[in-house]
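Quick note: residue numbers are just sequence positions, from 1. As the structure lists them, so they are numbered: ligands from 1, and atoms in each ligand from 1.
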Amino acid sequence: MHDVKKLNENLFWIGASDRRITLFENIFPLKEGVSYNSYILLDDKTVVFDTVDSSVNERFMENLDHALQDRTLDYLVVNHLEPDHCGTIELLLSKYQGLKIVCNAKARTMTEQFFNNMNDDDFHIVKEGDEFSTGKHTLTFFMAPMVHWPEVMVTYDKTSKTIFTADAFGTFGALSGRVFADEYDFEADFLDSARQYYSNIVGKYGAQTQALLKKVAPLEIKLLCPLHGPIWRENFAYFIDKYQKWSTHTPEEEGVVIAFASAYGNTQNAAEILAGELYENGFKKIKMFDVSASDNSYIVAEIFRYSHVVFAAPTYNGGIFQAMETLLQDLKLLNVQKKTVALIENGSWAPVSVKQMEAIISTMKDMTIIEEKLTIKSSLKEEQFEDISIMAKSLAATRS
Ligand code: FEO
């Protein structure tokens with residue numbers, strides 16, 4: 001049964017939510033599913049903006065059929081060719097004779113990689129600034145390479161002031177009976193998922209996200225339509241400000257993420273005591289993660305959010321406890337920057353994890369590692385409490 005939502009006079013949401021998915025891209029855990037947003041413009045010509053993941057094909061096709069009301073589909077604009085938005089391209093081409101795919105040259109090349117039997121006749125290739133009339137509406141295209149993938153573009157409907165932003169401004173989390181961000185308590189319902197989505201999916205590409213934000217800044221926007229999560233029709237500045245911060249690695253707020261690894265609880269013990277000292281020294285936001293128990297994608301998101309990070313890890317096989325090393329490599333690959341960092345190590349006979357963690361962190365941009373480091377030999381001793389207290393004071397001295 002169709003479930004179509006009207007967005008304005010002739011634009012409709014025809015997407016669907018997947019609540020069964022547990023791992024997005026088979027990597028990132030989802031607590032509350034994800035929506036795949038697709039849109040249809042019913043102008044003199046009919047235009048779909050991106051499709052959906054194959055997991056929700058059936059709902060999408062019912063929505064599309066219902067929205068078209070016996071009309072044919074003339075155009076499919078592909079802003080992003082990742083399979084979670086292209087699950088029905090071949091189906092649409094076989095169902096709607098004469099359907100043309102509107103995309104850029106990079107996306108056209110990628111269609112050959114993902115699909116079979118693509119024909120040049122099926123495509124209308126666009127480039128930066130091109131205009132495309134669908135009747136009363138005029139679309140224009142802005143390339144947004146690496147705002148996740150190289151073929152990404154955003155489409156702006158000059159007539160209705162609607163922008164289709166591909167992965168930008170997307171969030172994890174299924175939609176629940178409404179599609180507009182202002183119909184939710186966005187901070188409570190979606191902000192954590194939006195941060196997890198941005199930091200893990202687009203986070204590596206802050207510079208490219210900045211370029212896109214600058215490019216679209218002069219546009220008048222009345223409706224902002226991402227490929228995942230709620231659609232924005234007001235209060236754009238709120239979410240754009242989050243994107244400005246995330247894409248420039250500017251902390252949203254002051255606070256400390258303590259990421260610790262602990263085989264037998266002794267490193268955790270030091271991390272817990274440090275957390276108390278940090279609180280006493282003025283940090284009101286402290287988030288602790290056992291890296292063996294929490295998925296990296298949640299830790300990454302909180303590190304994007306806050307200003308300070310403590311990494312505490314045992315030495316293992318002459319290296320860093322593996323779960324911590326994986327986290328650090330992940331942060332490095334995501335280009336995490338501008339954090340103030342403290343390091344704690346544990347080692348019963350040859351502690352080396354501070355040195356090795358420092359080696360990774362020092363290759364990252366604008367990371368400040370405080371001088372005070374703590375070495376635990378098996379378990380924390382009474383006389384080391386002072387060292388923890390000094391570490392907390394030293395971190396607190398860097399508060400802005
Ligand atoms: Fe939702 Fe980069 O795809």
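- With atom 1 (Fe) of ligand 1 as vertex, H228 NE2 and H85 NE2 subtend 90°, rounded to 10°.
- Within D167, OD2 is the N, O or S atom that lies nearest to atom 2 (Fe) of ligand 1.
- P150 approaches M110 most closely through the heavy-atom pair CG-CE, 4.1 Å.
- Across every non-hydrogen atom of I21 and G33, the tightest pair is CG2-CA, 4.1 Å.
- No more than 12 heavy-atom neighbours from other residues, nucleotides or ligands sit within 6.0 angstrom of NZ on K127.
- Here F169 and Y243 bring their ring centres to under 6.0 angstrom of each other.
- None of the N, O or S atoms belonging to D84 lies under 2.8 Å away from atom 2 (Fe) of ligand 1.
- Seen from atom 2 (Fe) of ligand 1, atom ND1 of H148 and atom OE1 of E82 lie 80° apart in angle, a value rounded to 10°.
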